[in-house]
Amino acid sequence: MDRRELLNVEGLTLTVARTGLDVVRTIGFSVAPGEIVGIVGESGSGKTLAARAVMGLEPPAIRRSAGSIRFEGREVTTMAPGELRQLRGARVGMVFQEPMTSLNPSMLVGRQLDEGLALHTKLAAGERRARALDMLARVGIKDPEGALSSYPHQFSGGMRQRIMLASAMLLQPALLIADEPTTALDAVVQRDVLELMVELTRAHGTAVLMISHDLAMVARYTDRIIVMCKGEVVEEGTTQDLLRQPRHAYTQKLLAAMPRRLLTREVPPAPAPAVEVRDLVVDYAGRQGFMRRQAGKRALHGIDLAIRPREVVALVGGSGSGKTTLGRAIAGLVRPSGGEIRFAGRPVVAGGEGWRDYRLNCQMVFQDPYSSLDPRMTIGALVREPLRLMPGMSGRDKAERVVEVLREVGLSEDYADRYPHELSGGQRQRVAIARAVVRRPSFVIADEPVSALDVTVRAQILDLFAELQHKHGFSCLFISHDLGVVEQVADRVVVMQDGRIVEEGTRDAIFDRPQHAYTRELLSAIPMLESTPGGGVRLRWRLDETSEETAGETGRDTSAAAVALR
Amino acid sequence: QTVTVALNADIRSTNPGVNRDDNTDAVVLHMVEGLVGYRENGSVAPLLAEKVDVSPDGRTYTFTLRKGVKFHNGAELTADDVLWSWNRYMDPKTDWRCRSEFDGRSGLKVEKAEAPDAATFVMTLDRPSALFLDSLARTDCGMTAVLHRDSVAADGSWDKPIGTGPFRFGEWRRGEYVTVTRFDDYSSPPGDRPDGLVGAKRTALAEVKFLVVPDASTVKAALVSGAVDLAQVLDSDVPELSASKSAAVGLYPSATKHTFLFQTRDPLLGNVKLRQAIAASIDIPELVAAVSNGHGKANNSAVALTSAYYGDVQRKAYAYDPEKAKQLLAEAGYKGEPIRIIANKRVHVPSFNAAVIAQAMMQAVGINAEIEVLEWATQLDRYNKGNYQMMSFSYSARLDPALSYEQFSGPKDRQPRKVWDDPAAQDLIEKASVISDEAERRKLFDQLHELQLETTPLIIFANGQEAWAHTKRLEGADPWEGKPRLWGARVATN
Amino acid sequence: MLRFAIRRILMAVPTLAIMAVAVFVLIRLIPGDPASLMLGDLADPASLADLRERLGLDKDIATQFVIWFGNVLRGDLGLSITSGQPVLPLVLERFWVSARIVFIAVAIASLIAVPAGVIAAWRQNSALDLALVGTATVLLSIPTFWLGLLLLLLFGLKLEWLPVVGYVSFSDNPTAALLYILMPVATLFLHEMGVLIRMSRASTLEVLRLDYITHARAKGLSERAVLWRHAFKNAFGPTWTLIGLVLGNLLGGIAVVETVFTIPGLGRLLVDSIFARDYPVIQGCLLFVAFVYVVVNLVVDLLYPVFDPRVTAE
Amino acid sequence: MRLPAPNAVLGGAIIGVVVVAALLGAVWTPVDPLKINFAARLQPPGGAYLLGTDEFGRDVLSRLMAAAATSVWISLVTVAAAVTGGTIIGLLTGYLRGWTDRILMAFNDALLAFPGILLALGLLAVFGANKYGIILALGLAYTPSVARIVRGTVLSLREREFVEASRVMGNSEIFTVMRHVLPNCIAPLTVLATSMFGWVLLSESALSFLGLGVPPPAPTWGNMLASSRSFIAQAVWLGIFPGLCISLTLLGINLLGDALRDRLDPRMRGV
Ligand SMILES: Nc1ncnc2c1ncn2[C@@H]1O[C@H](COP(=O)(O)OP(=O)(O)OP(=O)(O)O)[C@@H](O)[C@H]1O
Ligand SMILES: Nc1ncnc2c1ncn2[C@@H]1O[C@H](COP(=O)(O)OP(=O)(O)OP(=O)(O)O)[C@@H](O)[C@H]1O
Ligand SMILES: [Mg+2]
Ligand SMILES: [Mg+2]
Ligand code: NI
């Protein structure tokens, strides 16, 4: 290419220092100023590592064994630490894949935002604050003032991700590396955030290197796509061409695995619901600060919900609407301040009758897999742990079951000896799922279980869920932002907004005939991809059967259409 | 110019003979004086009294007061003050520790005390006693000091000592220091040099500060640096301090007794042969040399080396004879049963070191000796209860030999702390307490020593030998009986 | 906050009650008799009996306890057996002497050791790290009675910079007072530094492995900002607890240093009283120390959420 | 495979030497460590007595060797006892909170405020002045500190999601604590345990200083150090050698502790 390139990676090879295993092999790609480039690919294919290497932030266990990374003409790999710091934050911003663990738990959000600004700009404190507030508002935080003086753990997963995004975009870097920037965002916010990103790139010529599994999003917003598989770049091309006519077998497989709505399943009638929630109210206590006490917050305002055996109920809704809170309340991790939770017809009381049955049969996949995995345990041990309480299972059986489950979630048994920090985001998520289903529980609360997975693995996981449901009759509360996934797996859909259920109905009812305005807004915020006969895909808007576009006409200039749709 | 003396602990009070220990006595006796006091050789001499007359029946003591003696507040000393002081001591409310010596509970009883005129004080006893004046002079009784009645507050509680001593009370900062200042109107007893607590006591020093320095190593450093002028030091520090440019060391004998006690009621040590075997197994001169850094002298008698009664008989000692020890052990039928020596680690007493050496010597002849180190209070408790086999123990000074023997002799049934429970010995001691004649007494003490060597209820191995160091600018501050005496001292002008 | 603090202080009541009973029973289990200690080996049985009666030691333990505890409830800690002084003012006076030294020493030690530990962790396995860890270890293994004496010989005798013995109270002469407490403070501070360095290093190592540190670096923050702003606060928790512990421990435990440097502090009072079996003073001292402990720990707990907001004080 | 970490090698070497010396000292020493020889008091190092002699003319080297076993044993057992006890209390109080916390902490704080000397005096009075009395006294004195540190760490760990995950799995609280909370307390615990090793050696020394230590004449580094103090000017080696033994042992233990901690932390593998 003859354009002056912003970032140019050549022959980059990353090796695990201890084992000498190459996890990224001689990859090369480039990003031009102002360009939005998407990286898609298999989970664990080295996307995150490659992106981190660009900033010189590969984990200590990973060594760069070959290759060059040039940013604005300068070699990053040999840069002096001081120079590198000038670059980080100011010229290259990064949004990490795990927002939960990427924010400093003991520092006010306001300070974390302010820090970069203070370092790289000469703005006065007041101005910096104004900017931070503005940015928080733009990423969709409702109470920016309050957010500044809160700690990360007081936010929902999606909100934290938005804060991360705000923190990176505040500095208007020349290159923004976004590693799964929107996985935990609801459709509306996701659209707003992406629009914002696009707007920024326009205004400041910011280039974006976006790593994502959300093909619809990649299709809609990127100029170019790089496809990675097993540590290598297998295909690269403009978004239009690549989506219309994928050449590499892996790309084809990826595009073919788009979620689709299946036939409505019969949920056999059952005498009693598996899980029942009545008038559930959850309050978060205010923080006991040293000098002041912050007001508490009501996260759930009287929720009624019943999940029948064998039923998959999807919980969708705005980020921060209380989905995780509801899940955690059912799992017994937050104490409700009102209402009742019943499992298998019995009220859930610690130590009460049926408690043990409930504990053994109600499992949860946490929204943030990394922090829910004990960092000192191997994957094998983590997955095996729930089997401890399985009566009458021999050691051999357990070992076999572990291997079996790992395979079911798409991890080979080699991973059993690894530790969580040695895995990619998607791999961790699969470990979390494996751990939740290894005991074949009758009820699973899955909080964003597939957000970090590429489409092929996701399809495999969803098949697994379907199979479990079929074989073991399990029911599931499936919390997700990904409407495509919801459409595929859910029997029934519950829509939440601000701690309340606003609409509830069968999948078809919700997707085809949404009643509530908020539901409609959610459904129409983001397009979906549809496979085309030629092996490619095209974008399609929900609730709008008429406006069919081909992928070729997508790209960044279609944003006007999206705006018009609102 | 202030002279600083280091004390290893704070004084307990300024109230003579009431709440006291050795440090307290040392400080208080700079300020107060009694009718009589000890001489260097342990005999008693008049102090505030000019003379003491004893009636022929030995029951009436007439004290004639010296003239012109003034209290620190300027008041003249009269017999009335003596009577007032005596009555105060005999009042149970005062808690005078020596009251029982005079109210009949321990035998002797003062029946009457009167002040017929301003210069005469008369006391009448219920029986004659050789030890009456001794008891009055005892330092732990606060010398039965004569105090001005303003020493106590209106409600009868103790305020501060207004006495007749060469120094007057200055300031007491608890835990830190006490100061005393020169009493310019002091009238000294006759003599050309200090003699025990009597003799010339006129002082040249304007102020003395008794500074509490608990740690011996700090004391040493302070002496070298000149921050402290006078202090008792460890024997082990003597060579180093002697070599130092700024300090000098003197060794001062005292009448304290360093001993190994035996529990004669112990099934094992009840056997006199075994006790004799132990005595024969210990090379006492060597042990004494070792624990005193080569300066001490062995003494196996309860009569102190410094005493007027110390003579040829007292010189008789145990013979170091390992072979005989082994033979005695065999005769005693000793079969290697453990013998536990209790010791403590207080500074300035050789308890622990003596025990270590004795243990080694005893082991050398085949005695299975063990050491148990106890903290002092615990050891004292065991001592008082008689609960031990063998104990490395030091007795406080008792200057009169009769009192010295009395310290460890007596019926165990009534007083378990007593070591030597032998009616014969008891008899001799009793006699020595009544008879005043010196030659008679000497005979009694000789008999006692022979008896003690033979039955070996305890091994007395040495008297105290205290090392005191002073800076070279301070001269003539010679301590006596473990107590610094600053009245004889002066600051050298070079 | 205030209500919480008061509640916590009230929660100290059981601690103090346990303490009261335990101390009372324990010190009477230890052989030794204050009366015979006061009278020494010269005491005769009659005066011993007198004294024991006057001190109330002739009553049985339960009665003694009831009397003492009743008085304590009325705010009367009794009189010292050895000096006859009222216990409470005595303890308070000595406490301030010790507290000043301990607080200064611990403050300086924390100010130096905690950053040193953070830096050692940051440069793990470098020569600097080894040097710091080595120093910490050596400091840890010198007993205070040795270290104090060494300082005394060096600064007091060799260099003659500082006074060898004595103590001047702050109210008399602040500058002189400072000179006199310099060495004790230095002794304590050197001694406590070792463990603080190591604790701070260990917890910083732990934190430096976390994601948000990488994120902070990605913002372009200098290593310094990463260390101090991000790592330090999160790593400070255990060290903070330790500082509280050290503070509490020292308040009752600087007897050795006080002995070496002739400082009339609480530690010496306590040890002297223990050796003299001065029961009322021991009991008073320990009740007071326990109370101070509770307060120190309360402050530690109250401040803990500042370092880790996820932990609530309650 | 990979070479062991340099700190592990160095620490291992030091501890190896100490262990060998201790084992050897139990069966053979150059001179009888208890043999008193007044002719050879306070001999400086070198010559017939490699490390000099003490105030009783006993051979310092032999005493150091004989002391190694006693000192190390006392410290090991004490630290093990305090760490075990303290960890259990700390885990219980930090994890369960509520009334368990309050009651145990009331006891803990009371014990914490107890000065070591008094505790030692009391227990030694009850058990007699022997090794086990000392171990018990020091162990009891250090337990509450461990408890407090562990409790502090547990307080922040119990808010972590992987602990919640364990609860959801149906694991009992005890199991959760043992499996997930405890291993993550390792870092502060290793520091505390290794530091405590030093404290115990020094406390034993301070107790000897007060005459409450291991019954003499059996040597320990602590009582050698304590009694050397009076000779600091004349015979400084008397303090230096036992001090060095303590320092080196501590250094070795610290290095090993660090290495162990890194080994136990998978995140440090291969860095
Ligand atoms: N610290 C590490 N030590 C060893 N292996 C590692 C480490 N970090 C990552 N890996 C391995 O490197 C490979 C690439 O990881 P990376 O995080 O780049 O994947 P990714 O493409 O971002 O995947 P995902 O989409 O699941 O996030 C994975 O197989 C992972 O297991
Ligand atoms: N520990 C907490 N303390 C205070 N407030 C909290 C806490 N956890 C969550 N909240 C608040 O409760 C609300 C609901 O949070 P929750 O995590 O249930 O949202 P969510 O629906 O899962 O969102 P997301 O999709 O972004 O994960 C949010 O406004 C959040 O700020
Ligand atoms: Mg990734
Ligand atoms: Mg959530
Ligand atoms: Ni002289």
Side-chain angles (χ1 to χ4, degrees), chain B residues 4 6 9-10 12-13 15 19-22 92 95-101 103 105-106 138 140 158 173-177 211-215 217-219 221-228 374-385 387 393-398 403 407 414-415 417, chain C residues 30-51 54 80-85 90 93-94 97 145-146 148-149 152-153 156-158 160 162-169 172 255-256 258-265 268-269 271-272 274-277:
Chain B
T4 308
D10 197 11
R12 293 219 180 135
S13 76
N15 196 348
N19 184 5
R20 47 69 61 191
D21 55 11
D22 282 346
D95 271 330
W96 188 39
R97 75 190 310 268
C98 295
R99 187 166 59 92
S100 64
E101 306 281 334
D103 67 358
R105 279 184 293 171
S106 317
R138 262 166 59 183
D140 64 302
W158 179 252
R173 284 256 189 150
R174 284 174 194 266
E176 292 179 51
Y177 59 81
L211 183 68
V212 183
V213 189
D215 181 45
S217 300
T218 311
V219 166
L223 274 165
V224 175
S225 77
V228 160
L374 295 179
E375 168 253 4
W376 170 235
T378 313
Q379 184 180 6
L380 188 62
D381 194 59
R382 301 277 288 268
Y383 162 79
N384 277 328
K385 297 198 168 105
N387 176 13
F393 190 84
S394 297
Y395 280 103
S396 319
R398 288 285 228 198
L403 290 175
Q407 265 180 310
R414 273 189 292 128
Q415 297 190 47
R417 66 186 167 128
Chain C
I30 304 174
D33 170 21
S36 84
L37 273 169
M38 275 180 79
L39 297 181
D41 61 309
L42 296 172
D44 69 300
S47 24
L48 206 61
D50 277 359
L51 188 61
R54 190 171 59 83
S80 156
I81 289 179
T82 47
S83 72
Q85 280 179 291
L90 181 70
E93 185 193 328
R94 300 296 194 94
V97 174
F145 58 81
W146 245 81
L149 191 59
L152 197 81
L153 294 181
L157 274 190
K158 269 261 149 46
E160 300 189 10
L162 294 170
V164 175
V165 279
Y167 172 79
V168 173
S169 82
D172 289 354
V256 172
E258 286 173 349
T259 304
V260 173
F261 295 106
T262 62
I263 288 162
R268 222 173 90 196
L269 178 70
V271 171
D272 286 348
I274 290 174
F275 285 143
R277 304 289 189 271

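All figures in this text were calculated on a predicted structure; none of them were measured in a lab. Every chain is numbered from 1, with letters handed out A, B, ... down the list of sequences.
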Does any donor atom in the side chain of C:S80 or B:R12 lie under 3.5 Å from an acceptor atom in the other side chain?
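No donor-acceptor contact under 3.5 Å links the two side chains.
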Among side-chain atoms of B:D215 and C:T259, is any donor-acceptor pair under 3.5 angstrom?
no
Quick one: what part of C:L152 sits under 4.5 Å from any heavy atom of chain B, side chain, backbone, both or neither?
side chain
Measure C:L37 against the heavy atoms of chain B and call it side chain, backbone, both or neither at under 4.5 Å.
both
Considering only heavy atoms, which portion of [X] lies under 4.5 Å from any heavy atom of chain C: side chain, backbone, both, or neither?
X	value
B:V219	neither
B:Q379	neither
B:R417	side chain
B:R414	neither
B:Y177	neither

So which residue, [options], ends up with the most heavy-atom pairs under 4.5 Å with chain B?
options	result
C:P34, C:G84, C:P264, C:G148	C:P264
C:L153, C:L149, C:L39	C:L39
C:S83, C:G265, C:A276, C:P163	C:S83

Where is the tightest heavy-atom contact between [X] and [Y], given as atom of each residue plus distance?
X	Y	value
B:D381	C:P31	OD2-CB, 3.5 Å
B:E375	C:I274	OE2-O, 4.2 Å
B:T218	C:V260	OG1-O, 2.8 Å

Check step by step if salt bridge (Lys or Arg N to Asp or Glu O under 4.0 Å) holds for B:R105 and C:D50.
CA-CA 12 Å; B:R105 279 184 293 171; C:D50 277 359; 3.2 Å; yes
Determine yes or no for a side-chain-to-main-chain donor-acceptor pair under 3.5 angstrom, with B:T378 supplying the side chain and C:G32 the backbone.
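A pair under 3.5 Å: no.
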Donor-acceptor under 3.5 Å (B:R97 side chain, C:M38 main chain)
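No; judged by distance alone, with no hydrogens or angles, the pair does not exist.
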Give a yes or no on whether a salt bridge exists between B:K385 and C:D33, defined as a side-chain N under 4.0 angstrom from a carboxylate O.
no
Winner by heavy-atom pair count (cut-off under 4.5 Å) against chain C, out of B:N384, B:D95, B:L211
B:D95
Just give me the residue among B:A227, B:S394, B:A222, B:P92 that pairs up with chain C most often, heavy atom to heavy atom, under 4.5 Å.
B:A222
Output the distance between atom CZ (B:R174) and atom CG (C:L90), rounded to the nearest 0.5 Å.
8.0 Å
Would C:R268 and B:D10 satisfy side chain to side chain contact (heavy atoms under 4.5 Å, CB included), going step by step from the backbone distance to the final call?
CA-CA 11 Å; C:R268 222 173 90 196; B:D10 197 11; 5.8 Å; no
Minimum side-chain heavy-atom gap C:R277-B:L380 below 4.5 Å
no
